[in-house]
Amino acid sequence: MFRISLIIPTYNRAAQLIAALQSVVVQDLPPAEWECVVVNNRSDDDTAERFAAFAAAHPACHLRMVDEQQAGLSHARNRGIAEAQAPLLAFIDDDEWIEPQFLRAYVELFEVRPTAMAAGGPIVAEYPEGRPAWLSKYPETAIANVMYFGRTIRPFPANRIPGGGNMALRREAFDLCGGFDPQLGRVGNKLTGGEENDLFERLREQGYTFWYVPDAVMHHVIPAAKLTESYFRNLCRNIGLNQRQRARIHRRETRTCMAEIAKWGATLLLCCTMHPLQARWLLRMRTEITRGMFTAPKK
């Protein structure tokens, strides 16, 4: 029986998916102890053909693809959960790659902490065409969700959760609080999200701690197309929209709106300490998040 299943949803990113799989097949956990389930979410490129060729070239690894016809990252992740055979489930996205000890690090964490229900690891941003000068800490978090809390296994900080592209959970977590909410999450090329935030909020409400696993390292590849002003504005506007949507689901709209107002004060203070170029982009981020939160979504 497999000890851990790695789930990778994919949509029209055949080349990126193969690059991600190249890092999967070199995991230092013995191949007999893990599987990789790729969920093809209505791709219309050559994803299926390229995956089949890659899997055939790596017969020692348990790689398989399943189809999910309902569009959306939440539907794809839920299909992966249903298909996976292991008691531990790890998730990455198709525009990432993982270091060789990734799966082993998660297996060891859950073995030594039998009450642990969920975990996450470092997220390292990579910029193949160069890191832009305007990119400071907070805009980078919005774009790449970079994450590093040191070299020691520890609980996540109170205000942070594992990243959606680098998380692992026991199957029991989904039995306790359900799967990813299809109201949330990416659909095709729409920059919606928030499904993992919602899942971890439900788990936290039940008193569970999330564990940071320093050896479960994931690299998030950020192309130049995700560093344009139009993409950034759209992304941040959707972050605000998703925050408001989750606030409605969890019945905390007033608290969320008050927190956004407070963040404006912190943003203005930060801008006074930054290079003008970085301050300008930080203000763009806050403006678009606020716009997303307080503007009714288009029907």
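Sequence positions, counted from 1, serve as the residue numbers for this chain. Hydrogens, waters and symmetry mates play no part in the numbers below; they use all other heavy atoms, side chains included.
Between the side chain of Arg286 and the backbone N or O of Thr267 there is no donor-acceptor pair closer than 3.5 Å. Within the 3.5 Å criterion, the main-chain N or O of Gly72 finds a donor-acceptor partner in the side chain of Asn41. The main-chain N or O of Ala86 is found under 3.5 Å from a side-chain atom of Arg171 such that the two form a donor-acceptor pair. Using modelled atom types, one side-chain atom of Tyr212 and one backbone atom of Gly150 make a donor-acceptor pair closer than 3.5 Å. Using a distance-only test at 3.5 Å, with no hydrogens or angles considered, a donor-acceptor pair links the side chain of Tyr106 to the main chain of Gly121. Counting only distance, with no hydrogens or angles, the side chain of Asn166 and the backbone of Ile123 share no donor-acceptor pair below 3.5 Å. Counting only distance, with no hydrogens or angles, the side chain of Ser74 and the backbone of Asp181 share a donor-acceptor pair below 3.5 Å. Remark: side-chain polar atoms of Glu288 are not paired, donor with acceptor, to backbone N or O of Phe232 under 3.5 angstrom. Judged by distance alone, the side chain of Asp46 and the main-chain N or O of Ala14 form no donor-acceptor pair under 3.5 Å. Remark: side-chain polar atoms of Arg131 are paired, donor with acceptor, to backbone N or O of Leu135 under 3.5 angstrom.
The nearest pair of heavy atoms linking His220 to Ile143 is CE1-O, 4.0 Å. Among all heavy-atom pairs drawn from Cys271 and Leu282, the shortest one is SG-CD2, 3.9 Å. Contact between Ala118 and Phe110 at its shortest, heavy atoms only, is N-CE2, 4.0 Å. Looking at every heavy atom in both residues, Cys236 comes nearest to Met285 through SG-CG, 3.5 Å. Residues Pro162 and Gly120 share a closest heavy-atom pair of CB-CA, 3.7 Å.
When side chains are defined from C-beta on, Val66 does not count as touching Val38, because their heavy atoms never get closer than 4.5 Å. Looking at Phe102 and Val24, their side chains never come closer than 4.5 Å, going by heavy atoms from C-beta outward. In this structure, the side chains of Ile92 and Trp97 stay at 4.5 Å or more apart for every pair of heavy atoms. The closest side-chain heavy-atom distance from Val217 to Gln101 is below 4.5 Å. The shortest side-chain heavy-atom distance between Arg3 and Leu29 falls under the 4.5 Å cut-off. The side-chain heavy atoms of Leu283 and Leu268, taken from C-beta on, include a pair separated by under 4.5 Å. In this structure, Lys226 and Asp95 have side chains that are in contact, with non-hydrogen atoms separated by less than 4.5 Å. Looking at Gln70 and Asn78, their side chains never come closer than 4.5 Å, going by heavy atoms from C-beta outward.
Between the side chains of Thr256 and Arg252, a donor-acceptor pair is found at a separation under 3.5 Å. A donor-acceptor pair shorter than 3.5 Å cannot be found between the side chains of Ser5 and Trp34. Asp93 and Tyr11 share no donor-acceptor pair across their side chains, judged by distance under 3.5 Å alone. In summary, the side chains of Glu229 and Trp281 do not present any donor paired with an acceptor at a separation below 3.5 Å, with no hydrogens or angles considered. Side-chain polar atoms of Tyr127 and Glu140 form a donor-acceptor pair below 3.5 angstrom. Judged purely by distance below 3.5 Å, without hydrogens or angles, the side chains of Asn234 and Asn238 pair a donor atom with an acceptor atom. Of the N and O atoms on the side chains of Gln85 and His62, not one donor lies less than 3.5 Å from an acceptor on the other residue.
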- Message: Go through it in stages, so that I can follow the logic: the residues are His219 and Glu99, the test is side chain to side chain donor-acceptor pair (under 3.5 Å), and I'd like the CA-CA distance, side-chain angles, deciding distance and then a yes or no.
- Response: CA-CA 8 Å; His219 296 253; Glu99 294 191 2; 2.7 Å; yes

query = For Arg151 and Asp215, what are the C-alpha separation, side-chain angles and deciding distance, and is it a salt bridge (charged side-chain N to carboxylate O under 4.0 Å, His left out)?
reply = CA-CA 8 Å; Arg151 291 298 309 154; Asp215 287 337; 2.6 Å; yes

Inset, instruction - Walk me through it: do Arg42 and Glu68 pass the test salt bridge (charged side-chain N to carboxylate O under 4.0 Å, His left out)? - result: CA-CA 7 Å; Arg42 302 182 64 177; Glu68 174 51 57; over 6 Å; no

TODO: Applying ring-ring contact (aromatic ring centres under 6.0 Å, His included), run through Phe91 and Phe180 and close with a yes or a no.
DONE: CA-CA 12 Å; Phe91 297 81; Phe180 294 96; 5.7 Å; yes

Could you walk me through whether Arg104 and Glu33 pass the salt bridge (charged side-chain N to carboxylate O under 4.0 Å, His left out) check? CA-CA 10 Å; Arg104 176 176 50 81; Glu33 298 182 13; over 6 Å; no

For this session: In sequence, state the C-alpha distance, the side-chain angles, and the governing distance for Thr47 and Met65, and then conclude on side chain to side chain contact (heavy atoms under 4.5 Å, CB included).
Result: CA-CA 10 Å; Thr47 289; Met65 175 175 281; 3.7 Å; yes

Pair Gln206, Cys177 - check side chain to side chain contact (heavy atoms under 4.5 Å, CB included), show working. CA-CA 9 Å; Gln206 296 193 38; Cys177 64; 3.7 Å; yes

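Within the model, atoms CD1 of Ile81 and CZ of Arg79 stand 12.5 Å from one another, a figure rounded to the nearest 0.5 Å. For the atom pair Thr228 OG1 and Arg233 CZ, the distance stands at 11.0 Å (nearest 0.5 Å). Note that CE of Met274 is 11.0 Å distant from CH2 of Trp134, once rounded to the nearest 0.5 Å. How far CG of Leu17 is from CD of Glu96: 11.5 Å, rounded to the nearest 0.5 Å. Here Leu269 contributes atom CG and Thr273 contributes atom OG1; the two are 8.5 Å apart, rounded to the nearest 0.5 Å. In this structure, CG on Asp67 lies 8.5 Å from OG on Ser43, to the nearest 0.5 angstrom.
In this structure, Arg113 satisfies the cation-pi test against Trp211, with its NZ or CZ atom closer than 6.0 Å to the six-membered ring centre and inside 45 degrees of the ring normal.
Listed by chain and residue number, Ile161, Phe210 satisfy the side-chain contact (heavy atoms from CB on, under 4.5 Å) test with Arg204 (two or more places apart in sequence, or in another chain). Applying the side-chain contact (heavy atoms from CB on, under 4.5 Å) rule to Val26 yields no partners; only residues at least two apart in sequence or on another chain are considered. Partners of Arg280 by side-chain contact (heavy atoms from CB on, under 4.5 Å), not counting sequence neighbours, listed by chain and number: Leu277, Arg284.
Cluster membership check: Val124 does not share its hydrophobic cluster with Ile98, using side-chain heavy-atom separations under 4.5 Å among Ile, Leu, Val, Met, Phe, Trp and Tyr. Residues Val37 and Met218 share a hydrophobic cluster, clusters being chains of Ile/Leu/Val/Met/Phe/Trp/Tyr side chains in contact below 4.5 Å.
Within a 6.0 Å radius of CZ in Phe149, more than 12 heavy atoms belonging to other residues, nucleotides or ligands are found.
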